[in-house]
Amino acid sequence: MASAQSLSFNLGKETMQLKSKYKHFSGTTEYYQHDSQVNHAPMNFAVFLPEQIKRKQLPVLYWLSGLTCTEENFMIKAGAQRVAAELGIVIVTMDTSPRNLGIEGEDDSYDFGSGAGFYVNATEQKWSRHYNMYDYVTKELPEIIEAHFNVNNNKSIFGHSMGGHGALMIALKNPGYYQSVSAFSPIVAPSQCLWGQKALGGYLGDDKALWQAYDSCELLKNAEERLPILIDQGTDDEFLQQYLMPEKLQQVCEQYNHPLNLRMQEGYDHSYYFIATFVADHIRYHAEYLNVET
């Protein structure tokens with residue numbers, strides 16, 4: 001990344017350091033590191049700040065990435081800033097887990113440990129001190145964004161794959177907190193696929209009642225809010241049948257009369273090429289709920 005002057009902001013017990021920044025579309029994408037109080041570890045996040053933020057408070061769209069990703073992937077590959085700049089929407093991304101903690105086994109596989117926090121609060125002793133990504137996404141990071149950037153109270157959330165699971169699950173567990181939710185290729189029933197079973201079992205233990213508290217298909221059955229869901233899913237996604245299983249979410253939504261727009265996109269895979277193709281649709285979708293003046 002390009003170098004930037006090191007700037008620090010005091011956050012009570014936390015310190016936030018600007019690592020780098022880039023100007024594009026008249027705004028800036030900025031990369032920060034801070035000492036997370038919920039994860040007891042350094043965490044990284046990125047924020048795209050449209051030029052309009054100099055004149056007025058803007059809404060925030062939180063992006064949750066998939067397995068192995070960091071705060072950089074979406075900002076570099078998705079091409080989202082062009083539309084966010086046009087509409088005046090702040091985009092926030094974050095790393096998918098704490099890293100380099102010296103926990104035995106943290107780097108043994110791509111789908112558990114480093115880069116694979118699954119957006120849960122771990123309860124197993126080995127992971128519970130540092131792997132609290134649910135609290136990080138829903139509490140700590142929004143507090144930082146709202147305290148240090150010129151944003152308003154309107155926020156929405158979206159994500160991809162593991163991050164799609166996170167976005168759906170977090171929106172369902174926090175009625176009234178997010179204005180809208182969407183996902184690309186989400187893991188909709190983690191309790192029923194190998195990725196989810198490995199992660200939930202490892203972080204939460206064998207009590208499957210705890211797993212269900214982070215499973216979108218289970219959460220939908222008792223949802224307090226009928227927040228519409230937009231999902232794009234590629235038909236040529238190599239993980240479609242074994243891990244993603246969108247038909248399970250569709251069945252639950254139909255059974256419980258929950259609004260769902262599931263768009264099966266012919267020929268698309270699981271990659272950022274797919275995300276880049278439809279990300280403008282998602283940002284414009286969220287803009288309608290974020291009370292963006294167009």
Side-chain angles (χ1 to χ4, degrees), residues 4 7-39 43-65 71-72 74-75 78-95 119 133-159 163 166-167 170-171 173-183 225 227 279-280 282-294:
L7 300 177
S8 296
F9 305 87
N10 290 325
L11 303 169
K13 295 181 180 180
E14 302 183 38
T15 300
M16 183 171 77
Q17 184 178 34
L18 174 64
K19 307 297 289 185
S20 62
K21 64 186 294 185
Y22 307 88
K23 182 173 181 178
H24 50 167
F25 306 114
S26 299
T28 59
T29 294
E30 302 180 358
Y31 291 87
Y32 291 89
Q33 185 176 83
H34 73 107
D35 296 323
S36 169
Q37 298 303 300
V38 299
N39 288 326
M43 288 294 297
N44 298 314
F45 70 90
V47 56
F48 173 68
L49 302 170
E51 185 272 339
Q52 298 95 311
I53 203 164
K54 299 173 184 177
R55 303 188 300 273
K56 61 181 180 179
Q57 291 185 325
L58 299 180
V60 184
L61 183 52
Y62 288 88
W63 170 265
L64 307 186
S65 288
E71 71 283 358
E72 290 185 288
F74 182 82
M75 290 300 196
Q81 291 96 326
R82 182 189 297 272
V83 181
E86 172 194 335
L87 297 174
I89 297 175
V90 172
I91 297 178
V92 174
T93 66
M94 74 284 310
D95 204 348
Y119 304 102
M133 289 301 293
Y134 177 84
D135 280 352
Y136 185 72
V137 173
T138 61
K139 297 177 182 178
E140 185 173 32
L141 187 55
E143 288 177 1
I144 291 172
I145 298 300
E146 290 164 14
H148 293 277
F149 300 98
N150 191 29
V151 301
N152 60 36
N153 292 325
N154 291 331
K155 60 179 70 71
S156 293
I157 192 167
F158 66 154
I170 284 171
K173 286 173 72 69
N174 294 275
Y177 190 71
Y178 298 97
Q179 272 62 55
S180 53
V181 61
S182 72
E225 178 184 33
L227 190 66
V279 72
H282 283 243
I283 294 174
R284 295 188 188 282
Y285 172 81
H286 290 294
E288 295 182 9
Y289 292 91
L290 289 168
N291 296 320
V292 170
E293 298 177 5
T294 58

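Along the sequence shown, residues are numbered consecutively beginning with 1.
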Apply side-chain contact (heavy atoms from CB on, under 4.5 Å) to residues L49 and F149 and explain how you reach the verdict. CA-CA 9 Å; L49 302 170; F149 300 98; 3.9 Å; yes

Heavy-atom pair with the smallest gap, counting every atom of [X] and [Y]:
{"X": "A183", "Y": "H282", "value": "O-CE1, 3.6 Å"}
{"X": "E225", "Y": "Y178", "value": "OE2-O, 4.5 Å"}
{"X": "Q81", "Y": "T29", "value": "NE2-OG1, 3.3 Å"}
{"X": "Y136", "Y": "S36", "value": "CD1-OG, 3.8 Å"}
{"X": "A171", "Y": "I157", "value": "CB-CG2, 4.2 Å"}
{"X": "E71", "Y": "D95", "value": "OE1-CB, 3.7 Å"}

CG on L87 to CG on L58, rounded to 0.5 Å: 10.5 Å

State the OH-OG distance between Y177 and S156, to the nearest 0.5 angstrom. 11.5 Å

Is the side chain of N150 donor-acceptor paired with the backbone N or O of K56 at a distance under 3.5 Å, no angle test? yes

Is there a donor-acceptor contact under 3.5 Å from the side chain of D35 to the main chain of T15? no

Using the side-chain contact (heavy atoms from CB on, under 4.5 Å) rule, take N44 and Y31 through it: C-alpha gap first, then chi angles, then the decisive distance, then the call. CA-CA 7 Å; N44 298 314; Y31 291 87; over 6 Å; no

Using 30° and 60° as the class limits, which term best fits the ring planes of F48 and H24: parallel, tilted or perpendicular? perpendicular

State, yes or no, whether a side-chain contact exists between [X] and [Y] at a heavy-atom distance under 4.5 Å.
{"X": "M75", "Y": "W63", "value": "no"}
{"X": "I89", "Y": "H286", "value": "no"}
{"X": "T93", "Y": "S65", "value": "no"}
{"X": "Y62", "Y": "V137", "value": "no"}

Run the side-chain contact (heavy atoms from CB on, under 4.5 Å) test on I283 and I91 for me, step by step, so that the C-alpha distance in whole Å, both residues' side-chain angles and the decisive distance to 0.1 Å come before the verdict. CA-CA 10 Å; I283 294 174; I91 297 178; 4.3 Å; yes

Using the benzene-type ring in the case of Trp, are the ring centres of F158 and Y289 under 6.0 Å apart? no

With E140, the side chain to side chain contact (heavy atoms under 4.5 Å, CB included) member among H34, M94, M43: H34

Evaluate the criterion side-chain contact (heavy atoms from CB on, under 4.5 Å) for residue pair F45 and I144; output intermediate values, then yes/no. CA-CA 11 Å; F45 70 90; I144 291 172; 4.2 Å; yes

Holding to salt bridge (charged side-chain N to carboxylate O under 4.0 Å, His left out), I want the full list of residues that pass it with E146, two or more places apart in sequence or in another chain. K155

Salt bridge (charged side-chain N to carboxylate O under 4.0 Å, His left out) filter on K139, not counting sequence neighbours, yields D135

